[in-house]
Amino acid sequence: MYSYFMELVEKLRLLAGGAKYDASCATSGSDHGPGSDAGAEKKSLKARSGAIPVIGATAPAGVCHSWTEDGRCISLLKVLYSNVCRFDCAYCVNRASADIQRTSFTVDELVKLTIEFYKRNYIEGLFLSSGIFSDSDIVMEKLTEVARRLRTEAGFGGYIHLKIIPGTSPKQIAEAGRWADRLSANIELPTDKSLQYLAPQKNGKLIMGAMEEVAILEQEIKERGRQRPEKMVFAPAGQSTQLIVGASPEDDHQILNLSSALYRRYGLRRVYYSAFIPVGRPGRGGILDPRLPNIPGPPLVREHRLYQADWLLRFYNFRSDELVSPSHPFLDPHLDPKTAWALNHRDLFPVDVQRADYEALLRVPGIGVKSARRILEQRRSKVLTAELLQRLGVTMKRARYFISLPGFTGETDKDTAYIRRILSDADGAGLQLPLFEF
Amino acid sequence: MEKFYDGTPEGFFALLQEALETGIIPERVRRCKPETREASGTPSLFPEEEFGLPELIRGPEQEQKSLAAMEQLRSCSEAVFQDCIQAWMSDEPIETEIIRYAVKLIGAPSRSIAEKYRTDRSFKPCHIVLEASQRYLREQDRLLGLLRFKPTSEGYLVARCEPETCALPALALPLKRRFGTTAWAVQDEKRHLVLACDGLGEPELSSYDPDHPPFSPPEGLVPDEFEALWQEYYHIINIESRKNPELRKRLMPLRYWKYLPELQG
């Protein structure tokens, strides 16, 4: 049942409830706003809106404004423009055949809500997606209109993330990127086969096509920007995507290979992994569907391990085939992927931290990017000690099995089974602890 | 040797300058009580301890010495100055360590060597200063997300807080960027400080009488429609099957909850 005339609070309830399963929450990677010291970025926003923004700026590192009871960071007002959808994807609570109340925001309502939430410091900006209530370009045009009016009429300089509706034309994508900081097209499922099975109206090629279009436009703008920097305007925070984990039978090997390829081919800033939440149960929305796996709850540990592995791909120079392979297609649920890799390569350890190069240091469990850099800096003039390593941020309870240094015996002689037992589940994966420095 | 100062940054930097001039580093540094502080004319940023009226550097001498110390720190690098001021504003009783750290860096034979000393964590005071500075920045980051502003009858957006560190000065630039031409203020109810900006000029930090806060308590105003919407939004986006209150508490410690409307009731 559709209702246009509905209280704003009721609309918010429906349209935020329908958007909450999208994992994206980051606001980093874009920097502009009133009084911004990032001159070029400020110019780029001016080129978009024709005016210096009167309220709102983006923080280079992103800001969390609250955390939900499930421990997820809230930094954006994450809502659907409309939950009317003609697609019938099995895993989605908004699927066409679901018996839910349907509604849409007006552009005015969304502009007002974003500005008022922003003023009160509840959010960093807006994340806007939508059900596909009409032709893709028409839906995308509505989302773009919200972003355009926020920029031009409300003078909003905060963060805007727009979802690209599958099938949107290149022209409309270019227009969306003019006003938004980030664009994203969700792949949702890792293979075309699964997409055909669970979301038959979606088309993997169209989704990839949208990503490619964004990558091409980014490149074009970069080229053009070299000649006329003031016109350099297109989604400065790049693009991201999301994969649902556990709704289809693909293993971690397939998922990580795909992520790797996406980072390489389309220069994605992030791939988000969203543990599949079984739908069709009381309080969860959606419909029980025999095509979906019958699992008791979302595979949160698997999701966490994938995020850790993804981190290793992006910042630790790991390749996906070093972490998973056709013979070992799943990440170890009990160990973080770096420790699991180290235990499978005991011959490469212990690493002499006084002499090892940066790449080798990065591979030691317990040494992160920051601590590896600090080690390089300190050892130019100092003999490293266990106490100093701790001060440099090394997690010694993990590193002690994998490093050697003068005067420190550590526990490198322990056998693999012993170390595995000690370090298993020691990183609190069930708690979804921070990803850094593992 | 024990030294006292009036709790102001100027007072602290004057002590640093004295250590640089005499080559004597105090074994202990303490902040003194309000009566003495008032004489300097600058509000203290800290809750004071009671221990009489010791000898202090104050007035023009304080100003002169503190400027000289700050200049010397900046001549090492802006980062060195920032490390010291942030460590001092962390509100931890680590003045002696900051002085040791600063004396070593200022005494370095060259700027490049000073830069090496800056991050030499094998030198304990350096480790203590950098850790305190990091804690200070962490509190700043948290506040930037967790401050909650309410519109007041004066046309300002006002937030109240009780930060662990003296974080208000560090909020000036990011909040000015955020709010642009909108007037705003942040009240530190623990230290009775207010950082305010009328949207046109620069943000200004001042102290206030706790019995007469400069901005009306937002509770006295009509219920805020958007605050109610935010509370609704916060509850709706929770995913029940991912519930993890322990993690939330870890990421958003209880001490911030008092001022968060989404966690009331």
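In what follows, chains carry the letters A, B, and so on, assigned in the order in which the sequence lines appear, proteins first and then strands, with residues in each chain numbered from 1. Keep in mind that the numbers below use all heavy atoms, side chains included, and drop hydrogens, waters and symmetry copies.
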Could you report the tightest heavy-atom contact between [X] and [Y], atom names first, then the distance?
X        : Y        : result
A:Pro298 : B:Arg242 : CG-CG, 4.2 Å
A:Ile277 : B:Ser241 : CG2-OG, 3.6 Å
B:Tyr233 : A:Leu76  : OH-O, 3.3 Å
B:Glu232 : A:Val9   : CG-CG2, 3.7 Å

> According to the interplanar angle, ranging from 0 to 90°, do the rings of A:Phe117 and B:Trp230 count as parallel (below 30°), tilted (30 to 60°) or perpendicular (above 60°)?
Replying inline: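 Answer is perpendicular, since the angle exceeds 60°.
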
So, taking the atom named [atom1] in [X] and the one named [atom2] in [Y], what distance separates them when rounded to the nearest 0.5 Å?
X        : Y        : atom1 : atom2 : result
A:Gln378 : B:Lys116 : CD    : NZ    : 11.0 Å
A:Asp70  : B:Asn244 : CG    : CG    : 8.0 Å
B:Arg248 : A:Ser66  : CZ    : OG    : 8.0 Å
A:Tyr122 : B:Leu260 : OH    : CG    : 10.0 Å
B:Leu146 : A:Cys64  : CG    : SG    : 9.0 Å
A:Ser274 : B:Ile239 : OG    : CD1   : 7.0 Å

Count the heavy atoms of every other residue, nucleotide or ligand shown that sit under 6.0 Å from [atom1] of [X], and state whether that count exceeds 12.
X        : atom1 : answer
B:Glu162 : CD    : yes
A:Glu153 : CD    : yes
B:Glu78  : CD    : yes

> Run the side chain to side chain contact (heavy atoms under 4.5 Å, CB included) check on B:Leu229 and A:Leu8 step by step: do they pass?
Replying inline: CA-CA 8 Å; B:Leu229 286 171; A:Leu8 186 56; 3.8 Å; yes

Measure [X] against the heavy atoms of chain A and call it side chain, backbone, both or neither at under 4.5 Å.
X        : result
B:Glu240 : neither
B:Gln134 : side chain
B:Glu227 : both
B:Ile128 : neither

> Side chains of B:Arg178 and A:Asn121: donor-acceptor distance under 3.5 Å anywhere?
Replying inline: yes

> Do any of residues 117-127 of chain B have a heavy atom less than 4.5 Å from a heavy atom of chain A, and if so, which, in residue order?
Replying inline: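 Against chain A, the residues of residues 117-127 of chain B that fall inside the cut-off (heavy atoms, under 4.5 Å) are B:Thr119, B:Asp120, B:Arg121, B:Ser122, B:Phe123, B:Lys124, B:His127.
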
> So which of A:Leu384, A:Ile123, A:Thr385 has the biggest tally of heavy-atom pairs under 4.5 Å with chain B?
Replying inline: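 Looking at each option in turn, the highest pair count goes to A:Ile123.
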
> Highest number of heavy-atom pairs under 4.5 Å with chain B: which of A:Arg374, A:Glu124, A:Glu377?
Replying inline: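 Counting heavy-atom pairs under 4.5 Å, the top option is A:Arg374.
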
Ignoring hydrogens and geometry, is there a side-chain-to-backbone donor-acceptor pair from [X] to [Y] under 3.5 Å?
X        : Y        : value
A:Arg72  : B:Ile237 : yes
B:Tyr234 : A:Trp67  : yes
B:Lys243 : A:Glu69  : no

> What pairs meet the salt bridge (Lys or Arg N to Asp or Glu O under 4.0 Å) rule with one or both residues in residues 163-175 of chain B, with sequence neighbours excluded?
Replying inline: B:Glu164-B:Arg255

Is [X] close to chain B through its backbone or its side chain, or both, or neither, when contacts mean heavy atoms under 4.5 Å?
X        : result
A:Lys382 : side chain
A:Leu392 : both
A:Ala275 : both

>> Quick check for you: among B:Glu131, B:Met252, B:Arg142, B:His235, which has the greatest number of heavy-atom pairs under 4.5 Å with chain A?
In response: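 Most heavy-atom pairs within the cutoff with chain A belong to B:Met252.
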
>> Under a 4.0 Å threshold between the charged nitrogen and the carboxylate oxygen, would A:Arg120 count as salt-bridged to B:Asp224?
In response: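 A salt bridge is present here (some side-chain N lies under 4.0 Å from a carboxylate O).
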
> Do the side chains of A:Lys112 and B:Phe226 get nearer than 4.5 Å, heavy atoms only?
Replying inline: yes

> Partners of B:Tyr156 by ring-ring contact (aromatic ring centres under 6.0 Å, His included), sequence neighbours excluded?
Replying inline: B:Phe215

>> Going by the rule salt bridge (charged side-chain N to carboxylate O under 4.0 Å, His left out), which residues pair with A:Glu10 if we only count those two or more places apart in sequence or in a different chain?
In response: A:Arg13

